Amino acid sequence: MDVVQISKEDQESAFAMLASILWLGNITFRVIDNDNHVTVDDNEAVSCAASLLKCSKEHLMEALCTRKMRAGHENIVQKLTASQAADSRDALAKAIYAGLFDWLVDCINKSLEVGKRHSGRSISILDIYGFESFVKNSFEQLCINYANERLQQYFNQHLFKLEQEEYISEGIDWTEVEFIDNQECLELIEKRPLGLISLLDEESTFPKGTDYTLAEKLKEHLTFNGCFKGERSRGFRIRHYAGEVTYDTIGFLEKNRDLLHSDLLHLLSSCEMHLPQHFACNVEQTLLKLTGPVRRSGIESQKQSVATKFKGQLASLMQRLEDTEPHFIRCIKPNTLQQPNLYQEDLVLQQLRCCGVLEVVRIARSGYPTRIAHQNFAQRYHFLLPLSLANQEDPLSICVAILHQFKVRPDMYQVGYTKLFFRAGQVGRLEDIRLQTLNGIVLFQKIYRGYKVRQYFRKLKRTAIMLQSLIRARKVRRKFEELIRKHRAAIQIQKYVRCRAKKQEYLKQKEKTILIQSVIRGWLARRKVLAIQRKLEEEERVALEAKLHGEQLIKAAQMNKRLLEEFDTSEVDNPAHMDEELANPGVSSMHVDGQAEAVKVSPSYLAELQSRVLVAEAALREKEEDNSVLRQRLNHYELKWSEYESKMSSMEEMWQKQMSSLQISLASAKKTLAPDDFANQGFKYDESFPYKSIVTKQRGSRHMLPQEEEEFDWDDTTSVGTKTPDHLSTPRKPFLDLSSGRGELDAGRSVVSHLFKEFEHRKQVFDDDASFLVEVKTGQTEASLNPDEELRKLKQRFDTWKKDFRGRLRETKSILQKLGNPDSAQRLKKNWWSKKA
């Protein structure tokens, strides 16, 4: 709506009209008496419809259930029955919807009239489906087919008229062509006073008219017409231009009557919204225009039926078509299933026949269907003439020369003032000749152009080869320069890589040196710690002795003080005691000596002794705390060591069991064969290889076991020189060669001996690694590794080797069993030779 420039207010009004139509459909009625008179239910539907139309609710209810009629000078109010009230409600909704549709069309046309105001021209489009014929056809199909009959007549007359005018304007002789005229069918429908529409309007005005009486009246008055045929009951048949259609009169009278009475028009006029007022005004103007100059009060009686309105609108449409230049477009439906790539011939043929296309083609083919202007014909076919005839300036002379050149019969064409008229098929023959000539010309041009292009291509090829040689030489020079730069860069990279390798080697040696230094410094630090511990213990012992000595001195000083006090008191209170002391010189001397000693111990010395005692006590408490912490750590380490010893003992027992099982299985395999010299085999095992001594020497120097990312040859004994945990070389696994001349028995013994040697070798390796991890665990050997993690990795490697060794033992045993049977050995030997071949 915004595109066609409809204002927001008008848009809101249009939506309100649509909503009011929906609410009008929800209005219900209630019977109030025995005569089936009704009144409107006062519910939400009435309120909403009245508010949307902006009219009085009481006025709306009154207009729907009553009708005012004028008799003379008095107005009579007639109550409506249920069916009449429902028809009145539906008529109001239809009137609002029709008015809204016409209003929208007017708004769209006004927005499109901008170009018409500037140029004075416009384009109108009439879209109609065509003739309709269903199983049950009613009043709607009659109106549609009536309109199609009128349009088909106009279509035939227009084409025939164009043909006639063109032939006359060009001044050629022609014979009038007859065509099917449907005027009889149109007179059957619209003739007055005994036409179908007139009889239908007449029956609609009777209050007691029914569909059956309508059918009887049509059969009575229209039987004389050849296009009409009555049927039993309420049906009749009309022969249209497209074919016969059977109609049923059920609902004809109801659909033909216009149930929009004057009360509903007054209701629309009384609405406050401008759209209902506009709708009512248009309806009244239409009634006045169709009925002619009659009294205003007689509009109700002069109101026309739907069929009469449709006839008038169709007449105005035909008048509009007569005033314009029409163009016809026929749309053909290929199938009824609405699917692509499906063409139903019968359906298409029926549509072509119903639309009159076949008749138009027949009319055109009966005359001269192909028409070409002189200038266009000469321009298209002049090159077919010889050069002497093609140089004429008059196009008509060239056209006549072309017709004579190709011997076109005079009755197959006619020459007009500006055009040439041909019968069917003549232009096709000329087109064939033109196409053959053009093909010859194109062939000659193709050959000549090919020759010119080949010459040009050879020239371009020589130039391209020269340019390629120059470009390739330049590219090779650039490539050589690039290789020189890469060579120099490679040398530079090698220099840095070798420098990095040496640097890494230096860093590794540095790490090893630092490790040795850390071990030595650790040993020195431990010695220093032990010396400090001994010194602390000595200081603790001295402090304890000083504390004891100080306590003794304090006790002695307290005793001396007590003795002096007692001596002073005894000297004052008991002077006779002095005689006793004189009589006992030993006792007196003892007291004198004690007093002398008391005199010697001064208070400063006692304070110093007390301070020393406090310092010694503080140092003793610190040493006791340190000793408790060290005892806890020692207990923790002892607990961990006991766990490690239990794990190591369980792992050693498990290894011993596995080793014993492997030894037993190997011994059982070895018993089957006698011992033989191992030197006869392709593999020699050096018994004097100082493996133990090397491991013993390396045990003190290496600081960690092989890391997990390093690759070892524990399983694949067929590879030579692979890395082992002790950097040994694994010998190649001897093959059981059945084609050798030493015999099957020697080969079996060599395999068993090799397995035994391998078992002893692996056992020694695992024992040495386990012993080394135990020494690291106990602290006998210093190494920067995690013993638990290395034990887990060692166990995984041992399990892998054990699984592979058992598999090889089983394979060796099966081979030895086959060797014990000469037939199987011979067959195995043949199979081996066939595989090798």
Side-chain angles (χ1 to χ4, degrees), residues 498-543 615-616 618-649 651-652 690-710 712 723-728 765-794:
R498 289 169 183 170
C499 176
R500 182 176 177 83
K502 292 295 182 182
K503 184 177 180 181
Q504 290 179 354
E505 184 179 357
Y506 166 73
L507 292 176
K508 288 182 180 179
Q509 292 179 357
K510 184 179 178 181
E511 289 177 359
K512 293 178 182 179
T513 305
I514 292 172
L515 178 61
I516 294 171
Q517 290 177 356
S518 64
V519 172
I520 295 172
R521 288 172 181 169
W523 176 72
L524 294 175
R526 283 192 293 275
R527 287 185 58 187
K528 188 174 180 180
V529 169
L530 292 174
I532 292 172
Q533 288 179 356
R534 286 194 293 271
K535 184 176 179 181
L536 291 176
E537 290 175 357
E538 184 66 24
E539 289 179 355
E540 184 180 357
R541 184 180 60 78
V542 171
V615 171
L620 181 60
R621 284 194 298 271
E622 291 179 359
K623 296 301 179 182
E624 287 178 354
E625 291 177 357
D626 294 339
N627 290 335
S628 63
V629 174
L630 291 173
R631 287 190 191 95
Q632 291 178 0
R633 290 183 180 178
L634 182 61
N635 293 332
H636 182 66
Y637 291 150
E638 287 177 354
L639 181 60
K640 279 192 173 183
W641 174 241
S642 62
E643 292 178 359
Y644 292 154
E645 281 184 344
S646 62
K647 288 183 181 179
M648 289 296 298
S649 61
M651 192 173 293
E652 286 178 357
Y691 181 81
K692 278 188 163 184
S693 60
I694 291 175
V695 174
T696 306
K697 290 178 182 179
Q698 291 179 353
R699 188 176 299 161
S701 62
R702 65 183 177 179
H703 59 278
M704 62 188 298
L705 288 175
Q707 298 299 320
E708 181 137 4
E709 59 269 9
E710 296 183 7
F712 302 104
K723 189 176 180 182
T724 62
D726 291 306
H727 308 281
L728 299 175
V765 171
F766 287 128
D767 287 340
D768 292 341
D769 288 342
S771 301
F772 173 70
L773 291 175
V774 170
E775 291 177 1
V776 173
K777 196 82 167 183
T778 56
Q780 297 178 8
T781 302
E782 294 293 335
S784 58
L785 53 82
N786 188 0
D788 296 334
E789 184 66 21
E790 296 300 330
L791 281 173
R792 185 182 62 80
K793 295 178 182 178
L794 183 61

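Computed from a predicted structure; not experimentally measured. Excluded from the calculations below are hydrogen atoms, water molecules and symmetry mates; all remaining heavy atoms, backbone and side chain alike, are included.
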Checklist line | Arg527 to Trp523 six-membered ring, cation-pi geometry met (6.0 Å, 45°) | finding: yes
Check: Going from CD1 on Ile516 to CZ on Arg521, what distance comes out if it is rounded to the nearest 0.5 angstrom?
Finding: 12.0 Å
Next item on the list: Report the distance from atom CD of Glu511 to atom CD of Gln504, rounding to the nearest 0.5 Å.
Entry: 10.0 Å
Check: Roughly how far, to the nearest 0.5 Å, is the NZ atom of Lys512 from the CD atom of Gln509?
Finding: 7.0 Å
Next item on the list: Give me the one residue out of Leu515, Thr513, Val519 that meets side-chain contact (heavy atoms from CB on, under 4.5 Å) with Gln517.
Entry: Thr513
Check: Got a second to check how far Arg526's CZ is from Leu530's CG, nearest 0.5 Å?
Finding: 9.0 Å
Note to self: Within this structure, what is the NZ-NZ distance for the pair Lys535 and Lys528, rounded to the nearest 0.5 Å?
What the structure shows: 10.5 Å
Notebook entry, point to check: When rounded to the nearest 0.5 angstrom, what is the spacing between CG in Leu536 and CD in Glu622?
Noted result: 10.0 Å
